[in-house]
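Scope of the values below: all heavy atoms of this structure, side chains included, with no hydrogens, waters or symmetry mates. Below, chain A is the first sequence line, B the second, and so on; all start at residue 1. Quick caveat: nothing in here was measured; it's all calculated off a predicted structure.
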Protein chains: 2
Amino acid sequence: MLQTTIEMDKAAMILKLLGDKTRLTMVKILDNHDCCVCEFVEIFKTSQPSISQHLRKLRDVGLVREERRGQWIFYSINKTSDYYAFMQQILQQLPDQDHKLKELEENGTRITCC
Amino acid sequence: MLQTTIEMDKAAMILKLLGDKTRLTMVKILDNHDCCVCEFVEIFKTSQPSISQHLRKLRDVGLVREERRGQWIFYSINKTSDYYAFMQQILQQLPDQDHKLKELEENGTRITCC
DNA sequence: TTACTATATAATAATTTACTTATATGTACA
DNA sequence: TGTACATATAAGTAAATTATTATATAGTAA
């Protein structure tokens, strides 16, 4: 079976992007659920601009997509990305992060939009 | 089959380390061959301190080991690292870098030690 | 309209990273 | 010994990254 590969430059760039705990957790969560920005703000207990900037980096290289739904903007994994398979191999090795969303629901802090 | 996972912090740290083209290429090469520092200096056409500093970062987290052989210090992949399996999944997806060593041999610039 | 909510962007400041230059350490060999 | 070679470390600097604060944009609803 032929193993698909990715150029070294591209690989290093993707790894650097994922080499940040916030962004890595974001894509791990997005791998199971679309999320809007406000959820990430709650989950990471950090400022909205900071979240937006992380999401922008992921979007700029095409790892995630954004989609407006009314007032909110939802992010999702871009399964057509050239780097999707590469990223998946990494995400598969990470522990599930669904508990982070569950906590929001239980606290009632999960925003009405979602 | 149970999928082994790695903590998010640790994963992000390893990805950040590998998210540098020089270090990523280093570990990809080391995955097939032990190398001494002088080879890397030739391959990457950069200064010896710069190479030493990259190797130190890889060594500090235990991804590679160093071993003195006479005048030279050889680096190798540390297969007993907690992060070995995680890294392997990534390295498998990268194109072979053996041509870099071959070029050294052909140019006669591959150092006598190696 | 106006006010409010969600998000993005810009500008700045703080931190981190990577490279350079200089120096130290350790081995080999005359 | 002393000198040369291989490598590591330290210190300084430049560049890149991240977070913060302030502001802009876009939708929604009164």
Side-chain angles (χ1 to χ4, degrees), chain A residues 8-9 12-27 29-30 34-76 104 109-114, chain B residues 8-9 12-27 29-30 34-76 104 109-114:
Chain A
M8 295 299 285
D9 308 51
M13 178 199 61
I14 297 297
L15 294 173
K16 179 184 277 185
L17 258 183
L18 298 182
D20 172 279
K21 197 184 172 187
T22 300
R23 287 192 296 266
L24 187 63
T25 307
M26 279 175 164
V27 291
I29 291 174
L30 289 175
D34 295 2
C35 283
C36 69
V37 179
C38 54
E39 286 179 298
F40 286 131
V41 172
E42 281 299 320
I43 288 171
F44 294 109
K45 306 263 183 277
T46 184
S47 70
Q48 174 268 315
S50 175
I51 295 295
S52 274
Q53 285 161 18
H54 282 301
L55 286 168
R56 188 179 212 290
K57 291 188 180 187
L58 294 172
R59 185 162 49 83
D60 280 351
V61 301
L63 288 179
V64 306
R65 289 180 313 167
E66 68 167 21
E67 178 200 353
R68 181 175 282 277
R69 296 186 201 163
Q71 202 167 356
W72 299 280
I73 295 183
F74 277 73
Y75 282 83
S76 58
L104 290 193
T109 43
R110 186 160 184 185
I111 315 302
T112 50
C113 66
C114 314
Chain B
M8 295 298 284
D9 309 50
M13 178 199 61
I14 297 298
L15 294 173
K16 179 183 277 184
L17 258 183
L18 299 181
D20 173 279
K21 197 184 173 188
T22 300
R23 287 192 295 266
L24 187 62
T25 307
M26 279 176 164
V27 291
I29 292 174
L30 289 176
D34 295 3
C35 282
C36 69
V37 178
C38 54
E39 286 178 298
F40 286 131
V41 171
E42 281 299 319
I43 289 172
F44 295 108
K45 306 266 184 273
T46 184
S47 70
Q48 173 268 314
S50 175
I51 295 296
S52 274
Q53 285 161 17
H54 283 300
L55 287 168
R56 188 180 212 290
K57 291 189 180 187
L58 294 172
R59 186 162 50 82
D60 280 351
V61 302
L63 288 179
V64 306
R65 289 179 313 167
E66 68 167 22
E67 177 199 354
R68 182 175 281 276
R69 296 187 202 162
Q71 201 168 356
W72 299 281
I73 295 184
F74 277 74
Y75 282 83
S76 57
L104 290 194
T109 43
R110 187 161 183 183
I111 315 303
T112 49
C113 66
C114 313

Which protein N or O atoms sit under 3.5 Å from an N or O of nucleotides 2-5 of chain C?
{"unit_1": "C:dT5", "atom_1": "O2", "unit_2": "A:Gln71", "atom_2": "NE2", "d": "3.3"}

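As a whole-Å value, the separation of B:Met13 CE from C:dT17 P is 12 Å. Rounded to an integer number of Å, the gap from CZ of B:Arg69 to C1' of D:dC5 is 18 Å. Between A:Leu58 atom CG and C:dA8 atom P there is a gap of 12 Å when expressed in whole angstrom units. Following rounding to the nearest Å, B:Glu67 (CD) and C:dT27 (P) show an atom-to-atom distance of 14 Å. The distance from atom CG of B:Leu17 to atom P of C:dA18 is 9 Å, rounded to the nearest whole Å. What separates CZ of B:Phe44 from P of D:dT7 is a distance of 15 Å, to the nearest Å. Taking atom CG of residue A:Asp60 and atom P of nucleotide C:dA8, one finds them 12 Å apart after rounding to whole Å. The separation between B:Ile73 atom CD1 and C:dA24 atom P is 18 Å, rounded to whole Å.
With sequence neighbours left out, A:Ser52 forms a side chain to side chain contact (heavy atoms under 4.5 Å, CB included) with A:Val37, A:Gln48. Partners of B:Arg68 by salt bridge (Lys or Arg N to Asp or Glu O under 4.0 Å), not counting sequence neighbours: none found. Listed by chain and number, the residues in a salt bridge (Lys or Arg N to Asp or Glu O under 4.0 Å) with A:Lys21 are B:Asp9 (sequence neighbours excluded). Looking at residues two or more places apart in sequence or on another chain, you find a side chain to side chain contact (heavy atoms under 4.5 Å, CB included) between B:Gln53 and B:Pro49. Partners of A:Leu17 by side chain to side chain contact (heavy atoms under 4.5 Å, CB included), not counting sequence neighbours, listed by chain and number: A:Arg23, A:Lys57, A:Val61, A:Leu63.
Looking at heavy atoms from C-beta onward, B:Ile73 lies out of side-chain contact with B:Leu55 at the 4.5 angstrom threshold.
A salt bridge does not link A:Glu67 with A:Arg65: every distance from a Lys NZ or Arg NE/NH1/NH2 to an Asp or Glu carboxylate oxygen is 4.0 Å or more.
Between the side chain of B:Glu42 and the main chain of B:Glu39, no donor-acceptor pair closer than 3.5 Å is present.
Contact annotation for A:Tyr75: backbone-only contact, meaning every heavy-atom pair under 4.0 Å involves sugar-phosphate atoms and none involves a base.
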Original post:
How does each nucleotide of nucleotides 14-23 of chain D score, in 5' to 3' order, for protein heavy atoms under 4.0 Å: base (B), sugar-phosphate only (S), or none (-)?
Top reply: ---SSBBBB-
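If you check C:dT9, D:dT9, D:dT7 against the side chain of A:Ser52, the one that comes closest is C:dT9.
For D:dA26, the OP1/OP2 oxygens have no side-chain nitrogen or oxygen of A:Arg68 closer than 4.0 Å. At the phosphate of D:dT9, OP1 or OP2 sits under 4.0 Å from a side-chain N or O atom of B:Arg59.
The two atoms that bring A:Asp20 and B:Ala12 nearest to each other are C-CB, 4.0 Å, heavy atoms only.
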